[in-house]
2 protein chains.
Amino acid sequence: MAPTSEILTAERILEATEEVLRRHGPAKATVVDVARALGVSHGSVYRHFRTKAALREAVTKRWLDRTSLTLAGIAAGDRDPEARLREWLSALFEAKRHKAGDDPELFATYSVLAEENGTAVGEHIADLAAQLTRIIAAGTGSGAFSVPDPAAAARAVFHATGRFHDPCYAREWTAPGIQEEFTAVVDLLVRGLRP
Amino acid sequence: MAPTSEILTAERILEATEEVLRRHGPAKATVVDVARALGVSHGSVYRHFRTKAALREAVTKRWLDRTSLTLAGIAAGDRDPEARLREWLSALFEAKRHKAGDDPELFATYSVLAEENGTAVGEHIADLAAQLTRIIAAGTGSGAFSVPDPAAAARAVFHATGRFHDPCYAREWTAPGIQEEFTAVVDLLVRGLRP
DNA sequence: GGAATGACAGATATTGAAATCTGTCAGCTG
DNA sequence: CAGCTGACAGATTTCAATATCTGTCATTCC
């Protein structure tokens, strides 16, 4: 089960940590568990990550980066900016909603990790805001949108749609009518961006 | 300290409960504490409130109603709808921000109460949304706004400004630049409401 | 010699017994 | 007799002893 033959890398530790977090949850996942899963002593884990907090932060970053990547594909698309904006926001909502709905425990686990890694989350949000900025800037270029500051508008759009991507609202994502709420907010924002 | 002379009313119990919650916090405030503060036995409290949960819900409702009342004054004002909308949203944000900033512990206490009383919060939100609906409907009447469904638009505006009134964002209300973020979101929404 | 180990000290979490609390109700009291 | 009390059973919380974990480092092992 635990291949001691392979070299111990940061990558393998991160994978084992994700598995331990999935199995035990954020409160009970220990460094000793991770070491056990890898068939090494916990001292070896500390050779690659200075503290438990650093290990958890690295796992959090990996998780956040995976979402960023999917959305980056949409942001870089060639559809007209308004459609791209709607698609991007829908994709973000869909992704979050499915993660929360398919495996609530795992989602709760990563929500806890996100809570304790404000910095990593901040960078992730900055990354997403940058993607939004590119879409909105493309819109101002093509005349589809008209805003004084695309970056500020992007942050505003991101904040205004928080209800549909912030984990603290996860429990409401299964409520009936949530899709209509989402559409209503996006429609209002898109109208606000147009000339 | 505890005037046993007066008649024990639901009102007096609610006041004592607020005081106990303020002193001990939501986790340690017990029905026995409330009874002690009133100089009566805890059995008497149960004569007015069937359960501890019912008592806490009543306190929550009172607290929420106090906010609703202040805002109702603005919603019923006679300024032009756009100014009234901006004023109403600013007042909501200001009220929350001050409550959270002036006495963080009390705010945290009431946030916990709100968490456990989803129904009361739901009614409060419906109430606020109704106030917003009145403002927006006035705007569609005067031609300041143009929306197909004022009630839906009101909900959308309320949800889109969640970052500036939902307790789960309280920690960000002291961040520098929050006022600019607020203005950016409100500007975007107001533009979206205009014809 | 570079990577891994495991014993260790201090910090944190778990556990189960004791204390407190919730909700009820028969009876007291004014 | 309407309102209040206080004893009670079962649920929940507290607390201190016990166990586990984190992070270090001298030592071991290829």
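Naming: A, B, ... by sequence-line order, numbering from 1 per chain.
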Between atom [atom1] in [X] and atom [atom2] in [N], what is the gap in whole Å?
X	N	atom1	atom2	result
A:R56	D:dC21	CZ	P	14 Å
A:I13	C:dA4	CD1	C1'	12 Å
B:R50	C:dG23	CZ	P	11 Å
B:K52	C:dT22	NZ	P	4 Å
A:K28	D:dT22	NZ	P	14 Å
A:R12	C:dA3	CZ	C1'	14 Å

Using the 3.5 Å cut-off, write out each protein N or O paired with an N or O of nucleotides 3-9 of chain D and the distance between them.
from  : atom 1 : to    : atom 2 : distance (Å)
D:dC4 : N4     : B:R47 : NH2    : 3.3
D:dT5 : OP2    : B:S41 : N      : 2.9
D:dT5 : OP2    : B:S41 : OG     : 3.3
D:dT5 : OP2    : B:S44 : OG     : 2.6

**Prompt:** If we ignore angles and hydrogens, is there a donor and acceptor under 3.5 Å between the side chains of B:T30 and B:D33?
**Reply:**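 Side chains of B:T30 and B:D33: pair found under 3.5 Å.
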Would a 4.5 Å heavy-atom cut-off, applied to side chains only, mark [X] and [Y] as touching?
X	Y	value
B:H124	B:T67	yes
B:K99	B:W63	yes
A:V45	A:T17	no

Which pair of non-hydrogen atoms, one from B:T133 and one from B:A154, has the smallest distance, and what is that distance?
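Smallest heavy-atom distance, with atoms named: OG1-CB, 3.2 Å.
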**Q.** CZ/A:R171: more than 12 non-hydrogen atoms of other groups inside 6.0 Å
**A.**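 For A:R171, atom CZ is not crowded (no more than 12 foreign heavy atoms under 6.0 Å).
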Discussion item. For the CZ atom on A:R23, are there more than 12 heavy atoms of other groups (residues, nucleotides or ligands in this structure) within a distance under 6.0 Å?
Written reply: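 Check fails, neighbour count at 12 or below.
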Between the two ends of the helix from C:dG1-D:dC30 to C:dG30-D:dC1, what is the bend in degrees, rounded to 10 degrees, where each end axis spans five pairs?
->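 Computed from the C1' atoms at both ends, the axes differ by 10°.
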Next item on the list: Flag the pair B:R163 and B:E172 as a salt bridge only when some basic side-chain nitrogen lies within less than 4.0 angstrom of an acidic carboxylate oxygen.
Entry: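 Yes, B:R163 and B:E172 are salt-bridged.
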Contact class for A:V32 (heavy atom, under 4.0 Å): base, sugar-phosphate, or nothing?
->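 It contacts base atoms.
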